[in-house]
Protein chains: 2
Amino acid sequence: MAGLREQWRRTAMRTIQERALDLFDERGFGAVTIEEIAAAAEVSPSSVYRYFGTKEGLLVADEFDTMSPAALGELLDPADPVGSLVEVVRRYEAPQHGADDGPGDRSGTDGPWRRVRYFFTEPSVRSAALAAMDRAAARIAPLLEGGGTVDAAQARVLAHALTFGYFAALETWHDDGGTRPIAGYVTAGLAPLRRVWAS
Amino acid sequence: MAGLREQWRRTAMRTIQERALDLFDERGFGAVTIEEIAAAAEVSPSSVYRYFGTKEGLLVADEFDTMSPAALGELLDPADPVGSLVEVVRRYEAPQHGADDGPGDRSGTDGPWRRVRYFFTEPSVRSAALAAMDRAAARIAPLLEGGGTVDAAQARVLAHALTFGYFAALETWHDDGGTRPIAGYVTAGLAPLRRVWAS
DNA sequence: GTCGTTCTGACAGTCACTCTCTCGAACGAA
DNA sequence: TTCGTTCGAGAGAGTGACTGTCAGAACGAC
């Protein structure tokens with residue numbers, strides 16, 4: 001059912017991303033070419049572009065981008081978007097999101113840290129991450145009109161406030177060293193925004 | 001005092017920007033090369049890069065980027081940032097911001113419309129605009145800690161909420177055709193955010 | 001097995017952007 | 001005014017991200 005083709009596509013994407021991360025960590029983002037990444041992953045450069053679009057996409061590729069609107073709607077409570085966001089982050093942070101290697105040293109594996117670090121150290125990647133936040137905002141904006149207390153324009157503003165507020169919290173987390181759980185930073189950082197939806 | 005050098009630099013930047021806009025409007029952003037812009041403005045391509053850094057910078061170059069922190073501090077009231085923002089937009093929209101051509105047809109001249117249009121029609125320009133908002137947020141964040149009611153992390157979140165909320169309002173304005181004043185869209189769109197600073 | 005579709009890799013081309021170097025013109029001081 | 005100094009402009013070459021197109025191969029359905 002999974003489709004043999006689709007299955008191989010996923011594993012190919014994973015290995016490309018991993019090889020890319022390896023090279024980036026080793027020599028720096030700017031010093032690695034797409035061609036080298038393709039060679040390391042044993043695919044053609046064309047495939048890298050087909051899968052990720054841009055070089056930055058290798059780091060920013062986001063499962064939320066491909067999530068269906070319906071699934072997104074279940075995640076987000078229009079009455080308490082900040083709480084929903086914290087919950088999503090908390091679930092996302094739970095184990096299993098470190099590839100499926102057993103317990104042990106987690107520093108070099110694939111916590112969020114490894115990818116996200118580049119959001120805040122590599123300007124072009126930061127820009128791409130901002131664009132991803134922007135796309136996310138466009139998707140959740142309609143979901144915020146729920147209560148009927150805000151119109152479409154305000155929903156758009158609040159969606160941007162949420163997604164980029166999240167981004168800001170993520171940066172604080174990064175600046176702190178990226179050790180403590182992200183959810184705490186989101187809870188604390190976005191606390192003032194809760195007043196928007198307070199009764 | 002103005003420095004003869006600095007003066008010519010400014011006029012050069014103006015003409016480059018105007019020629020670029022002309023070409024973009026005529027043939028589309030993607031179909032114009034830096035080389036053509038440089039030729040039209042009678043400067044070298046090197047100068048275009050020196051002045052604006054990137055092709056998108058031609059449209060996103062922002063006087064707030066170069067504004068001193070002190071001047072920024074005077075514009076922004078930590079107790080009512082939304083009101084301050086509206087006030088800045090209102091002042092920015094007042095006449096005189098249309099170059100120094102006399103009254104008359106304003107459609108083709110240089111209202112905000114002409115540049116801002118590309119923020120929402122050209123993806124790469126949108127991305128650059130988001131980056132500019134991000135830089136602005138980094139600059140105003142420290143100013144929001146005024147009351148002592150928010151810490152640095154929360155100030156960063158709120159700064160992003162403000163700047164990208166503004167961006168969202170701007171997009172609504174654009175989608176509406178860009179005719180009515182922007183300040184109205186900012187006031188209406190950011191209204192829910194006022195609750196954050198409500199006593 | 002066979003056909004239509006879809007994905008892949010190869011290739012070439014464009015252009016944004018960087019780096020380096022040289023020259024001339026503006027600046028500050030005598 | 002004049003003489004160093006400094007700064008910016010232009011020229012040129014190079015890199016690499018990204019875009020198209022195309023032929024061939026693997027896949028899925030029958």
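Numbered from 1 within each chain, the chains take letters A, B, ... in sequence-line order. The shown structure was predicted, so the numbers you read here are calculated from the model rather than taken from an experiment.
Salt bridge annotation for Glu36(A)-Arg19(A): absent, with no cationic side-chain nitrogen under 4.0 angstrom from a carboxylate oxygen. Classification of Arg156(B) and Asp175(A) as a salt-bridged pair holds, one side-chain N sitting under 4.0 Å from a carboxylate O.
The span of DNA chain D lying next to chain B, judged by atoms under 4.0 Å from heavy atoms, is bounded 5' to 3' by dC7(D) to dA11(D).
Of all heavy-atom pairs between Ala191(B) and Gln154(A), the closest is CB-NE2, 3.9 Å. Minimum interatomic distance between Arg114(B) and Asp22(B) (heavy atoms only, all atoms of both residues): NH2-OD1, 2.5 Å.
Judged by distance alone, with hydrogens and angles left aside, the side-chain atoms of Gln17(A) form a donor-acceptor pair with the main-chain N or O of Leu58(A) at under 3.5 Å. Under a 3.5 Å cut-off, the side chain of Thr172(A) and the backbone N or O of Ala153(B) do not form any donor-acceptor pair.
Looking only at side-chain heavy atoms (C-beta outward), Leu158(A) and Leu193(B) come within less than 4.5 Å of each other.
Pairs of residues two or more places apart, or lying in two chains, that qualify as side-chain hydrogen bond (donor to acceptor under 3.5 Å, both in side chains) and include a residue from residues 123-133 of chain A are Glu56(A)-Ser124(A), Arg126(A)-Glu171(A), Arg126(A)-Asp134(B), Ser127(A)-Ser127(B). Legend: ring pair (Phe, Tyr, Trp, His ring centres under 6.0 Å) pairs involving residues 127-161 of chain A, not counting sequence neighbours, sorted by first then second residue: His160(A)-Phe164(A). Contacts classified as ring pair (Phe, Tyr, Trp, His ring centres under 6.0 Å) and involving residues 119-139 of chain B (residues at least two apart or in different chains) are given here: Phe120(B)-Phe167(B), Phe120(B)-His174(B). Pairs of residues two or more places apart, or lying in two chains, that qualify as ring pair (Phe, Tyr, Trp, His ring centres under 6.0 Å) and include a residue from residues 28-59 of chain B are Phe24(B)-Phe29(B). Legend: side-chain hydrogen bond (donor to acceptor under 3.5 Å, both in side chains) pairs involving residues 135-144 of chain B, not counting sequence neighbours, sorted by first then second residue: Asp65(B)-Arg135(B).
For the segment residues 44-53 of chain A, the set of residues with a heavy atom within less than 4.0 Å of an atom of DNA chain C comprises Ser44(A), Ser46(A), Ser47(A), Arg50(A), Tyr51(A), in numerical order. Contact check of residues 29-36 of chain B against DNA chain C (heavy atom, cut-off under 4.0 Å) returns Val32(B), Thr33(B), Ile34(B).
In this structure, Arg9(A) CZ and Ser47(A) OG are separated by 10.0 Å, a value rounded to the nearest 0.5 Å.
Residues satisfying the salt bridge (charged side-chain N to carboxylate O under 4.0 Å, His left out) test with Glu87(B), not counting sequence neighbours, are Arg90(B).
At its two ends the helix from dG1(C)-dC30(D) to dA30(C)-dT1(D) runs along axes set 40° apart, each axis drawn from five pairs and the angle rounded to 10°.
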Between the protein and nucleotides 27-30 of chain C, which nitrogen or oxygen pairs are less than 3.5 angstrom apart?
residue : atom : partner : partner atom : Å
dC27(C) : OP1  : Leu4(B) : N            : 2.7
dC27(C) : OP1  : Arg5(B) : N            : 3.0

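As rounded to whole Å, 8 Å separates atom P of dC7(C) from atom CZ of Arg9(A).
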Donor-acceptor pairs under 3.5 angstrom involving side-chain atoms of residues 176-190 of chain A: please list them, not counting sequence neighbours.
residue   : atom : partner   : partner atom : Å
Asp176(A) : OD2  : Tyr185(A) : OH           : 2.5
Thr187(A) : OG1  : Ala183(A) : O            : 2.8

